[in-house]
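The sequence lines fix the lettering, A, B, ..., with proteins before strands; numbering per chain opens at 1.
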Number of protein chains: 2
Amino acid sequence: MDDAQLKLSSQVCFPLYSASRLLTKAYKPYLDEMGITYPQYLVLIVLWENDELSVNQITEKLLLNSNTLSPLLKRMEKMELLQRNRSTTDERSVIVQLTEKGKSLKDQAKPIPDKLIKVLLTENINLSDVLQLKEMLNEWIKILTEDNKNLE
Amino acid sequence: MDDAQLKLSSQVCFPLYSASRLLTKAYKPYLDEMGITYPQYLVLIVLWENDELSVNQITEKLLLNSNTLSPLLKRMEKMELLQRNRSTTDERSVIVQLTEKGKSLKDQAKPIPDKLIKVLLTENINLSDVLQLKEMLNEWIKILTEDNKNLE
DNA sequence: TACCTTTGCATCGTGCACGATATAAACGCA
DNA sequence: TGCGTTTATATCGTGCACGATGCAAAGGTA
C-alpha cells in the first residue's frame, strides 16, 4: 500500500482547506448583518488599526495581490465604507481610508471574535491549543511566502 | 484596549485562511504538470479510492455542494478525466467514474504529498505536531459541519 | 537629459465557492 | 392510486483568488 499518503485522510492540506471554508462560513451570519464579506472584513480590520494605508500596504498585511484587492476595494468604495485617492507624493500609490460609515462598523464587529472562539473551544481543545495551532500556521505562512518570493 | 481581539494578529481564522491559500499555491507547480487544479485533484483522490461515486457521495467526502461540484465535474469530463452517467436504479443520481486517463494520473500524483510535507516540517514543527494540528482541524470540521446541519 | 528598470495599481480571463432557486425522480402515506 | 414532501443534481448570479499582462509614475544610470 505505497499510495497510502495519497488517501484523502492522510493529507494536511485538505483539513486546512475545509476548516478554512467552514470557519469563514461561520462568520457569515455576523458579517451579513454588517453587509460585508469575510475578505472585506479583513480589510476593515487593518484599516481600523491604521488610519490610512496604500493598496500595497494592504496587500502585504493580508497576503492578497492587487488583482484581488483592487476590485474588492472598489466594491467597498461603492458601499461607502472607504475612500480611494491617489497619493500626491507618489502618483503611483492609491491611499485607502475609511469613511465614518466604515469606522462605525467597528463597534458592531467587536463581539464577533469572542463568539467564534467559543465555537472552537471544546472538551479536547483549549485556548493554549488554539494558540499553538496559530503559531504553527504562522510559521507555515512565513515559509510559504518566502518560497513564493524565491520563485520571483 | 478592549478591542484587542479585533486585531488581525489575534484572529484564528486569518492564519487558517492564509495558510490554506498559500499551501494550495504550493501544490500548483505539481498540479500544473498534470493540467489540473487543487479541487480537481481532490476529486481525483476520492475516485482513486473508490471505483465509482455518485455526485452526492463526492459532496459528502469533499464537503462541497453540488453547485460547486457540478460545473467542476463537467470541466473534468471535458478534459476526459472522468465520465458522468445517470444511475439506472435511481434516475436522480449521477454516477462518476474515472477514465483510463484519470486513473493513470495516480502514478504521477504519488510523489506529491511527500514533497509537500517536507516543506511543512521545520526545526520547530515535527510530524507529530502536524498530526496534532490535523486532529484539531478535523474536530473543528466536525463541529462546523454539525452547526450547518442544525441550521437546516 | 535620454533610456532602461522597477514599482504600484489595474484589467482580463478562468475557476472555484456558495446562497438562492429550479426541476425531475423517488418516496411516503392517506 | 393520488399527491405532497423529500432527495439528487443543476443553473444562475455574485464575489473572491490568481496568473498573465498592461500602463504610467518613479528611480537609476550612463
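The side chain of Q40(B) sits closest to dG15(C) out of dG15(D), dG15(C), dA26(D). The P39(B) side chain lies nearest to dA17(C) when the options are dA17(C), dC18(D), dT11(C). Side chain of S93(A), nearest nucleotide from dG19(D), dT9(D), dC9(C): dC9(C). When each of dG19(C), dC16(D), dT9(D) is scored by its nearest atom to the side-chain atoms of R86(B), the top-ranked nucleotide is dT9(D). Of the candidate nucleotides dA10(C), dC16(D), dA24(C), dC16(D) has the atom lying nearest to any side-chain atom of L72(A). Nearest to the side-chain atoms of T37(A) among the listed nucleotides dG15(D), dA10(D), dA17(D) stands dG15(D). With dT6(D), dG15(D), dC18(D) as the candidates, the nucleotide lying closest to the side chain of L64(A) is dC18(D). Among the nucleotides dA10(C), dG19(D), dA26(C), the one closest to the side chain of S70(A) is dA10(C). Set against dT9(D), dA10(C), dA25(D), the side chain of E91(A) has dA25(D) as its closest nucleotide.
Rounded to whole Å, atom P of dA10(C) lies 12 Å from atom CG of N85(A). Across the protein-nucleic acid pair, E60(A) atom CD and dT7(C) atom P stand 12 Å apart, rounded to whole Å. Whole-Å rounding puts the L69(B) CG to dC12(D) C1' distance at 17 Å. Residue I58(B) contributes atom CD1, which lies 9 Å from atom P of dT9(D) at whole-angstrom precision. Here the P atom of nucleotide dA17(C) and the CG atom of N67(B) are 11 Å apart, to the nearest Å. Rounding to whole angstrom units, CZ of residue R21(B) and P of dG19(D) are separated by 10 Å. To the nearest angstrom, P of dA17(C) lies 11 Å from CZ of F14(A). Between L53(B) atom CG and dT9(D) atom P the separation is 11 Å, expressed in whole Å.
At the phosphate of dG15(C), neither OP1 nor OP2 sits under 4.0 Å from any side-chain N or O atom of Y38(B). OP1 or OP2 of dT14(D) has not a single side-chain nitrogen or oxygen of R75(A) nearer than 4.0 Å. In this model, the phosphate group of dT11(C) is approached by a side-chain N or O of K74(A) to a distance below 4.0 Å at OP1 or OP2. For dA17(D), the OP1/OP2 oxygens have a side-chain nitrogen or oxygen of Y17(B) closer than 4.0 Å.
Within the nucleic acid shown, N56(B) comes within 4.0 Å of sugar-phosphate atoms alone, with no base atom in reach, counting heavy atoms only. Contacts of S66(A) with the nucleic acid, taken as non-hydrogen atoms under 4.0 Å apart, include base atoms. Residue contacts for T68(A): at a heavy-atom cut-off of 4.0 Å it reaches a base atom on one of the strands shown. Within 4.0 Å (heavy atoms only), D90(B) reaches sugar-phosphate atoms of the nucleic acid but no base atom. When heavy atoms are screened at a 4.0 angstrom cut-off, S54(B) is found touching the sugar-phosphate backbone but no base atom.
The distance from atom CG of L81(B) to atom CZ of R75(B), rounded to the nearest 0.5 Å, is 12.5 Å.
Counting atom types as modelled, N65(B) pairs no side-chain N or O with a base atom of dG19(C) as donor and acceptor under 3.5 Å. Put simply, the side chain of R92(B) and the base of dT9(D) share no donor and acceptor less than 3.5 Å apart.
Cluster membership for L16(A) and L131(A), using ILVMFWY side-chain heavy atoms within less than 4.5 angstrom, is not shared. Under the 4.5 Å side-chain heavy-atom criterion for ILVMFWY residues, a single connected hydrophobic cluster contains both M136(B) and L121(B). Taken together through direct or relayed side-chain contacts under 4.5 Å among Ile, Leu, Val, Met, Phe, Trp and Tyr, L63(A) and V46(A) form part of one hydrophobic cluster.
A donor atom on one side chain and an acceptor atom on the other are found under 3.5 Å apart for S128(A) and N126(A). Neither side chain, Y17(A) nor Q11(A), offers a donor N or O lying under 3.5 Å from an acceptor on the other.
Ring orientation note: the planes of Y41(B) and W48(B) are nearly perpendicular, at an angle over 60° on the 30°/60° scale.
Judged by closest nucleotide on DNA chain C, P71(A) is the one of P71(A) and K28(A) placed further toward the 5' end.
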